[in-house]
Amino acid sequence: MVAPTELNAWKTLAEHKPAIESTTLRALFQQDNGRHDKFSLEAAGLHVDFSRHRATRETFEHLIDLAREAGVDGGIKAMFDGTPINNTEQRPALHVALRNRSDRAIKVDGKDVMPTVRKTLKRMRTFTDAVHKGEFKGYTGKPLRTIVNIGIGGSFLGPKVVSDALRPYWREGYDLRYVANIDGTDITSACRDLDPETTLFVVCSKSFGTLETLKNAEAARAWFFEQGGKQKDVQHHFVAVSTNIKAATEFGIAEDNIYPLWDWVGGRYSLWSAIGLPQAIVLGMDVFEQLLDGAHAMDEHFRTTELGNNLPVIMGLLGIWYQNFWGAESKAVLVYDESLRDFPAHLQQMDMESNGKRVTRDGEPVTWQTGAVIWGGTGTNGQHAYHQLLHQGTRLIPADFIMPLQSHNPVADHHAWLFANFLGQQQAMLEGKTEQEVTAELMTQGMSEAEAQKLAPHKVIPGNQPHTAITFDLLTPEVLGALIALYEHKVYVQGHIWGINSFDQWGVELGKVLGNAVYEVLHEGNLKAYDDSTANLIRRYRNSL
Ligand code: F6P
């Protein structure tokens, strides 16, 4: 492949950067009052304002040239065509098939996968209906009311965002809990107050080989037996979602209770599949399918819109602009919606597991930066914590601000205050406050000029911090689907331009193996093979037992 750094547009952008560096966001807005209309887009219910970026019309043109030269349109086509873009595992990445609500066939090895996707959705509907009607019930005949999602990574983070964000759409009388970590505290707290007769455990694991999930599933089953359940009752209280039907049946889950997944769906892109079964139970299948509709609308936008007006493309390019040309290391995702509190964590996995890569698709070391560090949290909470560093720290941290215009939970004038803060923070990031402004303000408050000048440097806010504002009317299932899909595609656009495979995760796989090896010697055995630090920590652990 041609290195992105060798592309003409890359070189042009590098040459263009000093012109932008010599100006500020404040100046750009002063020079051009029409930036909002020029640099914002709407798609699938989302309004995305990227006018507050260190960019002019010319910058955007060069960035779009980069996408064009890097063949992003070909990359999009390859994804939707089912080309094995996950080249190290020879698999397509077809999460778009899971939410393909059109008649369009999507083929893997020449075979349309849509019939099997639709069949699984139908099975999910039959099952969720049966749970709701009390036809699929607990071993003592009571309806199942508490669902426990046992899974980690993509079988946890994305699904949790869905159920949290769509809390207003839950069916009445249901509870949904999550168990992910191998830390016993997780399952202990999930099982606290649980009624075994009305609890359904859904073991979500694409591989059915993930240590944490298997151990937690075993612990849940042991808890179920301790509470009086018998082996024959497991079929009423445990279902699984996995590509590995054999391992799931060996665990003791009845074949009828296993929902399929396919190797052409990556774990971090799987919330749209039967991995979403626990969420579909509490939401109902109609709402779950509205989530798919929203994601499909974003997929169609991504698939059919020219690069210059394509939201995921623009967002991906802006990330590249800051990471590769301005040296930004991280990206903040600031959600002004309490129900999206775990969205940054989901994006962390989606983005960092996808684009945390050091070699190209051909296995050559990259000489350019790839995936950014993704972090963030909710506003306004973050304003009383890490926003200090955003306003007055030394680093360049581009941010995404996300907020619904209307709240599902209106309380007094809370939402207006939330929105005012959402905008206030962005204004501070855009304009900042100059030394002159600060000094004048302090003097108006009664300080002497000398005192004001002494304090002023501490109160100066440089501003000029680039950010995107994503807004929508209300956080509906459709909007949530579109929002998540927007970021999924942004990640792919960046991976494509960087020339890396966004769909494998060999680094994470290594962690799983290393943990196993240490476990073998934790209680006994020779520690000679281990470095001094590891060996001593193991001895400390042994002595604590
Ligand atoms: O952490 C690595 C990973 O493979 C993720 O990609 C995946 O989402 C997670 O483990 C869980 O895997 P599984 O669904 O196979 O249990």
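Whatever order the structure lists ligands and atoms in, that order sets their numbers, starting from 1.
- Not counting sequence neighbours, the partners of H132 by the ring-ring contact (aromatic ring centres under 6.0 Å, His included) test are Y174.
- For ligand 1, none of its N or O atoms has an N or O atom of T213 under 3.5 Å away.
- Using a distance-only test at 3.5 Å, with no hydrogens or angles considered, a donor-acceptor pair links the side chain of Q349 to the main chain of G154.
- Taking atom 12 (O) of ligand 1 as the reference point, the nearest protein heavy-atom neighbour is T210 OG1, 3.4 Å.
- Each of the atoms 14 (O) of ligand 1 lies under 4.0 Å from some heavy atom of S155.
- Looking only at protein heavy atoms, the nearest one to atom 10 (O) of ligand 1 is K512 NZ, 3.7 Å.
- Applying the salt bridge (charged side-chain N to carboxylate O under 4.0 Å, His left out) rule to K137 yields no partners; only residues at least two apart in sequence or on another chain are considered.
- Atom 14 (O) of ligand 1 has K206 N, 2.8 Å as its closest protein atom, hydrogens excluded (heavy atom only).
- The closest protein non-hydrogen atom to atom 6 (O) of ligand 1 is E353 OE1, 2.7 Å.
- Judged by a 6.0 Å distance limit and a 45° cone about the ring axis, R104 is not positioned over the six-membered ring of F80.
- Judged by distance alone, the side chains of Y259 and S273 never bring a donor and an acceptor atom under 3.5 Å apart.
- Defined by atom type and a distance below 3.5 Å, a donor-acceptor pair is present between the side-chain atoms of D504 and T88.
- Heavy-atom distances between Q349 and ligand 1 reach below 4.0 Å in at least one pair.
- Atoms of ligand 1 found under 4.0 Å from any heavy atom of V508 (numbered from 1 in listed order, with element): 1 (O), 2 (C).
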**OP:** Go through D164 and S339 one step at a time and tell me if the side-chain hydrogen bond (donor to acceptor under 3.5 Å, both in side chains) criterion holds.
**Re:** CA-CA 5 Å; D164 283 355; S339 73; over 6 Å; no

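- Of the protein's non-hydrogen atoms, I152 O, 3.3 Å is the one closest to atom 11 (C) of ligand 1.
- Near S207, meaning under 4.0 Å from one of its heavy atoms, ligand 1 places the atoms 13 (P), 15 (O), 16 (O).
- For ligand 1, the atoms lying closer than 4.0 Å to a non-hydrogen atom of G267 are 8 (O).
- Considering backbone and side-chain atoms together, G154 places an N or O closer than 3.5 Å to an N or O of ligand 1.
- Centroid-to-centroid, the aromatic rings of F302 and H489 come within less than 6.0 Å.
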